[in-house]
Amino acid sequence: MLYKNNLRRCLLATFVLASVALAQQPVAVKHAVEVARLRAHVTHLASDKLEGRKTGTPGAEQAADYIAAEFKRLRLAPGGNTGTGPRNEVVTSEYLQQFPYIAGVELGKGNAITLTMRAANAAPQTPPATLDLRAGEDWMPLGFSSNGKIERAPVVFVGYGITAAEQNYDDYKGAAAKDKVAVALAGTPDGDNPHGKFTRSGEVRFKAAAARAAGARALVLIAGENNFKDDKLSRLAYDNAGGDAGIPVVVISRQVAARASGASVPQLAEFEKKFREWKSSTQAMSATSAHDATLNLKVPEGVTLNLSTDIVRKNAPAANVVGMLEGSDPRLKNEVIVVGAHYDHLGRGGRSSLAGREGDVHHGADDNASGTAALMELARVLSAERAKLRRSVVFIAFGGEEEGLLGSSHYVNHSARPLEQTVAMINMDMVGRLREGALMVGGVGTAAEWRALLVTANTEHSNMADAHGASQPEAGGSSSQASNYQIQMPVETGDEKKGVTGDEKKNLAGKERKMNVETAGPAVRFNLRLNEDGFGPSDHSSFYAKRVPVLFFFTGSHEDYHKPSDTADRINYDGLASIAEFVRLILSDLQTSDKRPTFAVAKVEQTARSTGFRVYLGTVPSYGESTDGMNLDAVREGSPAEKAGLKAGDRIVKMAGRDVRNVYDYTQALSEMKAGEEYEVEVVREGQRLMLKVTPAARK
């Protein structure tokens, strides 16, 4: 018996010592978020089969069905709408929240141009010559052209058709374009320089706005390519930003332009060369005086134009994918946390592509199959813990983000639960390229609790990451609880609609905002780069405009952004898993607290830009199509716009003496305004027209 007791004591002591030793070792805990699942989701969404997931295409529909099927498998409650009836052979349609979308345009039957010309030395009784142009071969209406009919309109040459007040440049000065058809060269005086002075004002949309502001009845652009079908403008395309131009806008071949001006194609090329050189050196003078004084390309007297444009817009299916987990707390389950990521991308390129050529599949693995994969994994993990959820969680894969936040803009006006019950929105966009632990988080200033919550979660997540065997960020940061230093991060400001200025959403020189880097001692998982603003170039902006606290997670831009090379094999899947786990911790903290995050108006840091505006109003345009004014999603608090009495929901129809039909007209007017001067703004509010006065502030 004594032997057995001694043996028992020895075994017990050995067990205790072993237990202590084991307790001192790091425990290998498996990620709740699984790397293999993330990889599978990204690989499928970014595959050639889905052809870049452009909104309105079969690839985007397949992506939506894939996400909806996963939500259904996880037994999430559907949050879509079926008012239009179930889609063909799709059993998950109840998860799809459809929204209006124009996928493209096609030629109608009523497109025609006839040029009437009289030779300079022709006898008075000689009938004028007519030239009937063939749509698709000699000319083409642009996709955003208005439909209309113009008869016997005189024609005037207006150089490049650019108005750029910030450059003291106006091609319409002295051109007398009112009630005439304006004819302009393609391009800008900067040539093909992507960082030139006329990057924004030289865009075709802004040329149309300038022509309309000058009173022109239509704008005719001369193609830049000798072979008309090689010219980008000859390809009938449409973007959902801003609606139609308000006037007919067409492009004609160089052969037609040469014939109409009485020159040859080589002579036209020589004229363009001299004209560009002249404009580059004497920008303040008008285009009219330019060719009168030194150049010989004049529109012959007596040339008139008959023009008829007929564009047919094609609607296509577009949808958000919405799934919900009901909270368990009798009171808090009525409050909602939204977790979002957009699943659409660029398809085979188009206006926002940064590729050298068109037609290749833009895979969009990081932008934003990465965020969508994290969204689905979080839905899987939380669905297994649904009994622990006190507040309800709504998971949304947004469509139409690349087209101008169309899906999220629709959702906040048609939410699955009343929007006032939404306590927070967390957005993941481009979270697949984690490098050196650098994680950017926007919207930190939209709730009083965000900063402390992020720092705490970053420390907790570090300990969890150590147990998982994840590596720590490189040493060199401060060991203080919250030491700060400055870096630069491109973001979008509230006065500018995404895509309108030609600037890309996350990768542009000149659109930078200072961000703080927060550390919490040496044992942190991420080097957090924190940005205050709730507005920005992704879907969280739509929620912040409705006064919902937001957080925006982003790992930074890279050389594959908006190119076909953004492929699944370039994703940092371990980093993506760690970010998803970090977001999971944030969600857990939101579930634990009895108090909802306290909404705050985020700090706005204005920055100067070489291609930006000289003034600041503080308006946030709506991203949906508009043809009868520019709708406001929000007005920044304390801004000149708010002081003038502008409100969210207003529709601006006139500003600074210019009619405003869409966001391009608005931007054109904004570019001509001066700080400190008072301007009239006419808005429509609840069916009533109001005249307000606004004084822009200087952009700092």
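Worth knowing before you read on, the calculation uses all heavy atoms, side chains too, and leaves out hydrogens, waters and symmetry mates.
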Using side-chain heavy atoms (C-beta onward) and a distance below 4.5 Å, is Val256 in contact with Leu115?
yes
As a test of understanding, state which of Lys563, Arg433, His562, His362 forms a side-chain hydrogen bond (donor to acceptor under 3.5 Å, both in side chains) with Asp367.
His562
Does the side chain of Lys654 come within less than 4.5 Å of Val660's, by heavy atoms?
no
Check whether any side-chain N or O of Ser409 sits under 3.5 Å from a backbone N or O of Leu406 as a donor-acceptor pair, and report yes or no.
no
Has Ser201 got a side-chain atom pairing as donor or acceptor with Thr163's backbone, closer than 3.5 angstrom?
no
Can you check side chain to side chain contact (heavy atoms under 4.5 Å, CB included) on Leu221 and Leu233, steps first, answer last?
CA-CA 9 Å; Leu221 297 164; Leu233 294 180; 4.1 Å; yes
Report the distance from atom CD of Glu51 to atom CG of Leu346, rounding to the nearest 0.5 Å.
13.5 Å
Indicate, with yes or no, if the rings of Tyr169 and Tyr160 have centres closer together than 6.0 Å.
no
Would you call Tyr679 and Met655 a side-chain contact if the rule is heavy atoms closer than 4.5 Å?
no
Restricting to non-hydrogen atoms, name the atom on Asn427 and the atom on Ser538 that form the minimum distance, rounded to 0.1 Å.
ND2-OG, 2.9 Å
Leu632 vs Tyr666, test: side chain to side chain contact (heavy atoms under 4.5 Å, CB included). Steps then yes/no.
CA-CA 11 Å; Leu632 295 181; Tyr666 167 83; 5.8 Å; no
Min side-chain heavy-atom separation His345-Glu402 under 4.5 Å:
yes
Whether Asp344 side chain and Gly399 backbone form a donor-acceptor pair below 3.5 Å:
no
Is Lys232 salt-bridged to Glu225, cutoff N-O under 4.0 Å?
no
Interatomic spacing from CZ in Arg217 to NZ in Lys178 - rounded to 0.5 Å
11.0 Å
On a heavy-atom basis, the closest approach of Pro696 and Val615 is CB-CB, 3.6 Å
Looking at Arg259, I want to see if its CZ is surrounded by more than 12 non-hydrogen atoms of other residues, nucleotides or ligands under 6.0 Å.
no
Interatomic distance, CD@Glu270 vs NZ@Lys274, rounded to 0.5 Å, equals 5.0 Å
List the atom of Lys207, the atom of Tyr172, and the distance in Å for their closest heavy-atom pair.
O-OH, 4.3 Å
Do the side chains of Phe535 and Arg636 get nearer than 4.5 Å, heavy atoms only?
yes
So, does Asn662 use its side chain to make a donor-acceptor pair with the main chain of Asp244 at under 3.5 Å?
yes
Parallel, tilted or perpendicular: which fits the ring planes of His410 and Phe99, with parallel below 30° and perpendicular above 60°?
tilted
What is the distance from atom OG of Ser234 to atom CD1 of Ile252, rounded to the nearest 0.5 Å?
13.0 Å
Judged by atom type as modelled, is there a donor-acceptor pair below 3.5 Å linking the side chain of Arg212 to the main-chain atoms of Ile247?
no
Aromatic plane relationship, Phe552 with Phe554 - under 30° parallel, 30 to 60° tilted, over 60° perpendicular
parallel
Tell me, with the steps shown, if Val694 and Leu692 meet side chain to side chain contact (heavy atoms under 4.5 Å, CB included).
CA-CA 7 Å; Val694 64; Leu692 306 174; over 6 Å; no
Side chains of Leu236 and Ile311 in contact at under 4.5 Å (non-hydrogen atoms)
yes
Ser639 and Val635 have their tightest heavy-atom pair at OG-CG1, 3.7 Å
Please determine whether side chain to side chain contact (heavy atoms under 4.5 Å, CB included) holds for the pair Asp539 and Asp429, giving the CA-CA distance in whole Å, both sets of side-chain angles, and the decisive distance to 0.1 Å.
CA-CA 9 Å; Asp539 292 303; Asp429 191 350; 5.7 Å; no
Find the distance between CG (Asn315) and OH (Tyr101) and round it off to the nearest 0.5 Å.
11.0 Å
Main chain of Ala365, side chain of Thr567: is a donor-acceptor contact present, judged purely on distance under 3.5 Å?
no
Where do Asp560 and Ser565 come nearest, in terms of heavy atoms and distance?
OD1-OG, 2.7 Å
Check Gly224 against Asp231 and note the closest heavy-atom contact, atom names and distance.
N-OD2, 2.8 Å
His540 NE2 to Asp533 CG distance, which is reported to the nearest 0.5 Å
8.0 Å
Answer whether the closest heavy-atom distance between the side chains of Asp665 and Arg658 falls below 4.5 Å.
no
Asp138 and Ser253: side chain to side chain donor-acceptor pair (under 3.5 Å), yes or no, with the steps?
CA-CA 5 Å; Asp138 300 319; Ser253 72; 4.8 Å; no
Is the shortest heavy-atom distance from the side chain of Asn111 to the side chain of Thr309 under 4.5 Å?
yes
Check for me whether the distance between the ring centres of Phe157 and Phe275 falls short of 6.0 Å.
yes
Under 3.5 Å: donor-acceptor pair, side chain of Asn368, backbone of Met430:
yes
